[in-house]
Protein chains: 2
Amino acid sequence: MNRPMRSRRQATLASLAAELGVSRTTVSNAYNRPDQLSPELRKRVLETAKRLGYAGPDPVARSLRTRKAGAVGLLLTENLSYAFRDPAAVGVLEGLALACEDAGVGLTLVPGSPGNEDVAAVHRAGVDGFVVYSVPDDDPHLEAALQRPVPTVIVDQPQLDGMDRVGPDDEAATVDLANHVVGLGHRQVGVLCMRLSSDRNDDFASLYRQQDAHYHVQRARLAALQRTFEAAGVSWESVPVVERFDHHVDDGASAARQLLDKHPRVTALICTSDILALGALAEAGRRGLRVPADLTITGFDGIGEATRAGLTTVHQPVLEKGKAAGKLLLGAGDRVASKVITLPTELRVGTTSGPPRTAEQHWFGP
Amino acid sequence: MNRPMRSRRQATLASLAAELGVSRTTVSNAYNRPDQLSPELRKRVLETAKRLGYAGPDPVARSLRTRKAGAVGLLLTENLSYAFRDPAAVGVLEGLALACEDAGVGLTLVPGSPGNEDVAAVHRAGVDGFVVYSVPDDDPHLEAALQRPVPTVIVDQPQLDGMDRVGPDDEAATVDLANHVVGLGHRQVGVLCMRLSSDRNDDFASLYRQQDAHYHVQRARLAALQRTFEAAGVSWESVPVVERFDHHVDDGASAARQLLDKHPRVTALICTSDILALGALAEAGRRGLRVPADLTITGFDGIGEATRAGLTTVHQPVLEKGKAAGKLLLGAGDRVASKVITLPTELRVGTTSGPPRTAEQHWFGP
DNA sequence: ACCATGTTCTGAACCGTTACGGTTTGTTCA
DNA sequence: TGAACAAACCGTAACGGTTCAGAACATGGT
């Protein structure tokens, strides 16, 4: 495990060739096409390389010549913490990483803070393509990626012209969930959602703000809820929606607190993510509310902890989402037509949803 | 958002220069040193670039010339799923990503499956340095990284000659935890641990296997437990240790099942990770064992879900660990001496540890 | 003895950029 | 009027490889 001695200047393929008295081509072949030279010579090359502390052809130079970076970039303009703290996002990341591993290419997390207009990093990233995940619709980083002459696939976002896309059918899934809640008899509901736009608003979200949301996923889910509840005769204007910029369990709890303080009569809390729902669950416990007897709580994503908590939620195959994105990107190139992959979702009814108390009262009423 | 028309052949800095009738240097300066040319010319360059669909200097060529890849590599030889499923590992990843973001460099996940001897990806990765996390001591990928003429910092691993290292004081932290358990009066304990070596062993781990473990963290924790319990008069040979290759909550549950089936009299289950402990908790519930009245369960890492579950555990600053590794790597270069950063840990006593039942019986006994 | 066929190795042309050390032009000031 | 100097731009030489079309030599068949 001794570190090879470093000469004054790093050894290069050329210096190695000179030392051996062979051409650079031959040394290159020793690494890339073993069948192009005699085994003895190859052995001699490799031995000399070790002696000189040469670890093989420089990756960057090789990339320049072959026009392959050997890595795909992941654009997460979101606050990085979000991407890592939400198990659903981590699932996508994992799936993508798996696809990359299969293909033997690296996965580069391209930096770019939200609100940070500095897209230089996008331009500087040596990658063969981009996967764009969870960025606002009008993000400058996304535009910068599109500028680059490499393929791009977007995840969980409306399709942009001619680009590949992968995502679940958010609307349909949300409609299923909403119908479940409606079917149980709930008419007084509240909603907890994630950040809708790049500006922080840890408060109730107006109808305008909901419809103007820059985050497509949230917009789609809210719109689907609205449609379903209005079809059931519930005016959406009467439905309180509380937004949280950050995305921790605690944020879900505080959002639930804010909503329940102002609207104590709601019988169901629909959360646009499991993380928020877990927080709501905690807050319900703190208030002594029984779930689901006093309050129905639903989530979205189907993360492990939610399953363990018995949460009613929509499960989406996050791992597959990431994998599909990776395969799409790595399989691009020759393809001309753009591809769209829509993934199946599944409503998982747990122990946190049930008929509303008011319904029961109605049952026993006059 | 229209994709710029792609000419037959991608525009390059040179073709742009030709089109404009200026030198390549000037075009390069337009992007990299705006002060080196007149604002008008710069504007003209940028406009022509847009017209030709030139998105700026090629990152790879630039990297070759400047000798800076603009990315650091993360070596996770572990099964990728482990890295993404364990919140503690994700925390390290997040910290590292944050440090990279601060520095404006990318973070490349370098592929390399466990047991896979193909280290080509390590050689092919265009990075300015490596962070090595959670790989077995003798991993070929690690060796390959060391070969490369770039700095390397290792996380959670014994220091190798002259390399930077960051990690918690695993031994001290484990001793604290063990003393807590010993102090409560437990003498009949069992241990659930993560994979000890690259070969799968979902079973009891012999003393030899424990001491021969290739994963340093696990080895250190087990050794510390052994020391502490033997100091308390408990023969380590009598302590059952169950190992699990995979690392999901379910694995923790099955490990607990296996251990309790064979050793029903243990009063405490010490788990080397929170994930395993959460599984043990679930299994205890399934058996109708009250925690901690009938069984004490402890974890390690201090992940969010553990806190929520009230688990007694050792909290380690995973985020800081990743950040520190990133800073160390990015700050290297001029430095000659290697640095070692040891992070503080904290014993967090929750509601899953208490005195053993036998102790209570003893209390009321003759 | 000759040609066809391998095998093994080489020379030179790129890949697209930036570093370095200029040259040219215009302005200022004694 | 011309020396001094800054601003604006340029030419050349890398950076470290891969690739392709051959050259040189040996082998085998006819």
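Note: hydrogens, waters and symmetry copies are ignored here, and every other heavy atom, side chains too, is used. Letters go in sequence order (proteins before strands), and every chain restarts at 1. As the structure is a computational prediction, the values presented were derived from the model and not from experiment.
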**Prompt:** Could you state the interatomic distance from NZ (K323(B)) to CD (E101(B)), rounded to the nearest 0.5 Å?
**Reply:** 10.5 Å
**Request:** Give, for atom CG of L98(A) and atom CD of E320(A), the distance between the pair rounded to the nearest 0.5 Å.
**Result:**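 Separation between the atoms: 9.5 Å.
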Confirm from the modelled atom types if [X] and [N] form a donor-acceptor pair under 3.5 Å, side chain to base only.
{"X": "T25(A)", "N": "dT19(D)", "answer": "yes"}
{"X": "S63(A)", "N": "dG17(D)", "answer": "no"}
{"X": "R65(A)", "N": "dT18(D)", "answer": "yes"}

**Request:** Without swapping roles, check the side chain of R124(B) against the backbone of V105(A) for a donor-acceptor pair under 3.5 Å.
**Result:** no
Quick one: [X] [atom1] to [N] [atom2], roughly how many Å, whole number?
{"X": "D58(A)", "N": "dG16(D)", "atom1": "CG", "atom2": "C1'", "answer": "6 Å"}
{"X": "L16(A)", "N": "dT18(D)", "atom1": "CG", "atom2": "P", "answer": "12 Å"}
{"X": "Y31(A)", "N": "dT18(D)", "atom1": "OH", "atom2": "P", "answer": "10 Å"}
{"X": "L20(B)", "N": "dC10(D)", "atom1": "CG", "atom2": "P", "answer": "10 Å"}
{"X": "R67(B)", "N": "dT17(C)", "atom1": "CZ", "atom2": "P", "answer": "17 Å"}
{"X": "L13(A)", "N": "dG16(D)", "atom1": "CG", "atom2": "C1'", "answer": "8 Å"}
{"X": "R62(A)", "N": "dT17(C)", "atom1": "CZ", "atom2": "C1'", "answer": "20 Å"}
{"X": "N29(B)", "N": "dC10(D)", "atom1": "CG", "atom2": "P", "answer": "10 Å"}

**Message:** If you assign V27(A) and T26(B) each to the DNA chain D nucleotide with the nearest heavy atom, which residue ends up on the more 5' nucleotide?
**Reply:** T26(B)
**Message:** I want to confirm an ordering. Mapping V22(B) and G56(A) to their closest nucleotides on DNA chain D, which one lands closer to the 5' end?
**Reply:**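 Nearest nucleotide further toward 5': that of V22(B).
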**Asked** Between the two end axes of the helix from dA1(C)-dT30(D) to dA30(C)-dT1(D), each built from 5 base pairs, what angle do you get to the nearest 10°?
**Response** 40°
**Item:** Within-4.5 Å side-chain heavy-atom neighbours: V72(B) and F130(B)
**Value:** no
**Request:** Could you check which residues of residues 32-43 of chain A get a heavy atom under 4.0 Å from DNA chain C? Sort them by number, please.
**Result:**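 By residue number: Q36(A), L37(A), S38(A), L41(A).
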Can you tell me which nucleotide in [options] comes closest to the side chain of [X]?
{"X": "L64(A)", "options": "dT10(C), dC15(C), dC20(C)", "value": "dC15(C)"}
{"X": "R24(B)", "options": "dA13(C), dA13(D), dG16(D)", "value": "dA13(D)"}
{"X": "P57(B)", "options": "dC20(D), dT18(C), dG16(D)", "value": "dT18(C)"}

**Request:** Could you check I154(B), L146(B), V110(B) and say which one makes a side-chain contact (heavy atoms from CB on, under 4.5 Å) with V132(B)?
**Result:** I154(B)
**Request:** Please determine if a side-chain N or O atom of S28(A) lies less than 4.0 Å away from the OP1 or OP2 oxygen of dT18(D).
**Result:** yes
**Distance-only donor-acceptor check, side chains D138(B) and H214(B), under 3.5 Å** = yes
**Message:** side chain to side chain donor-acceptor pair (under 3.5 Å) for N29(B) and R42(B)? Distances and angles first, verdict last.
**Reply:** CA-CA 9 Å; N29(B) 284 335; R42(B) 182 170 131 94; over 6 Å; no
**Request:** Heavy atoms only: give me the nearest L74(B)-Y133(B) pair and the separation to one decimal.
**Result:** CD1-CB, 4.2 Å
**Prompt:** Between S28(A) and T25(A), is a side chain to side chain donor-acceptor pair (under 3.5 Å) present by the stated rule, with each step listed?
**Reply:** CA-CA 5 Å; S28(A) 176; T25(A) 303; over 6 Å; no
**Request:** Keeping to residues at least two apart or across chains, list the ring-ring contact (aromatic ring centres under 6.0 Å, His included) pairs with something in residues 32-72 of chain A.
**Result:** Y31(A)-Y54(A)
**Request:** Look at all strands and tell whether T12(A) reaches a base, only sugar-phosphate, or nothing, counting heavy atoms closer than 4.0 Å.
**Result:** sugar-phosphate
